[in-house]
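Here is the structure we will look at.
Heads up: numbering here begins at 1 and tracks the sequence. The model shown is predicted, which means the values in this text are computed figures rather than measured ones. Quick note: numbers below take in every heavy atom, side chains included, and nothing from hydrogens, waters or symmetry partners. In each ligand, atom 1 is the first atom listed, and ligand 1 is the first ligand listed.
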Amino acid sequence: MLAQQQIDPSTPTMGQNQQMSIHLENNLKVKVSDVAVYYGDKQALFGIDLDIYKNQVTALIGPSGCGKSTFLRCINRMNDTIESCRVTGSIEIDGVNISDRSVDVVELRSRIGIVFQKANPFPKSIYDNVSYGPRIHGLAKDRQHLDHIVESSLERAGLWKEVSDRLDEPGTGLSGGQQQRLCIARTIAVGPDVILMDEPCSALDPIATAKIEELMDELRQNFTIIIVTHSMQQAARVSQKTAFFHLGKLVECGETEQIFTNPQDSRTQDYITGRIG
Ligand code: ADP
């Protein structure tokens, strides 16, 4: 038995560190390298390097104005829509630079969905809110297929049971928390693989917040989630990785538990203990 387990010294074996690094490489979804962002002459982000992994929630935390939302908007090139804004450096998603000429920005934004602070359903029915994206992207082959996309998106957003009997009613008639889940369903409907969330719970009560947080844990099985949150408790509850930003710089990023219990940088320590913010 023992003899069988003995390792032939001439056979190269993979060390744990090597295995770990291959595993991480395979799960790398977004690679951010040396990203800087300017609004006119004012620099908002400085030399950001960050790796974001599949099937994880990565939380971006830091004091107001430190560049969290600016950073999030780089990932689906939403900063392109701000005239004064200039982005340098590189962001690769699945190994493809999103600024590459071959990248169609409309297609990119359907793959990298975004959910905003304030729920913003279209002034349309619940059904039309969810079916809008698949319709304009031509994702459904017929009405039955579209019905299926609407149902499964609402199901995954944890809203189907609450709205299945009133799909023709306006989305704006739902409660705040339901509207936010409707916006998540709308994002899911076009089949993204990354979901960006910009303080998605800041306008919600604690019960609606808890529902969204629970949902995030389910969604990460199928998606890569990046969330900006001003709540450290929320970051600690929902994320596996946390990145701390301060004055436009990424101070540190690591396992959420490590960031909150054993931060490496004194600025992170000061923030999580309430000394800066
Ligand atoms: P956070 O999300 O951490 O609160 P932001 O990304 O919103 O930070 O802002 C970072 C910096 O960039 C701030 O100084 C802010 O004033 C500036 N900024 C953000 N959006 C714009 C914009 N559209 N035009 C000019 N400056 C902006």
Between Asp128 and Arg135, is the closest basic N to carboxylate O distance under 4.0 Å?
yes

Closest non-hydrogen atoms of Leu28 and Asp94, given as atom of the first, atom of the second and distance, are O-OD1, 4.5 Å

Cation over ring face, Arg267 and Phe245, 6.0 Å, 45°
no

In short, salt bridge (Lys or Arg N to Asp or Glu O under 4.0 Å) pairs touching residues 45-59 with sequence neighbours left out are Lys31-Asp51

When you measure from the side chain of Gln56 to the backbone N and O of Ile225, does any donor-acceptor pair fall under 3.5 Å?
no

Run through ligand 1 for me and note each protein residue having a heavy atom under 4.0 Å from it, chain first, then residue number.
Tyr39, Lys42, Ala44, Pro63, Ser64, Gly65, Cys66, Gly67, Lys68, Ser69, Thr70, Arg73, Ile82

With Lys249 as the cation and Phe46 as the aromatic partner, state whether NZ or CZ is under 6.0 Å from the six-membered ring centre and within 45° of the axis.
yes

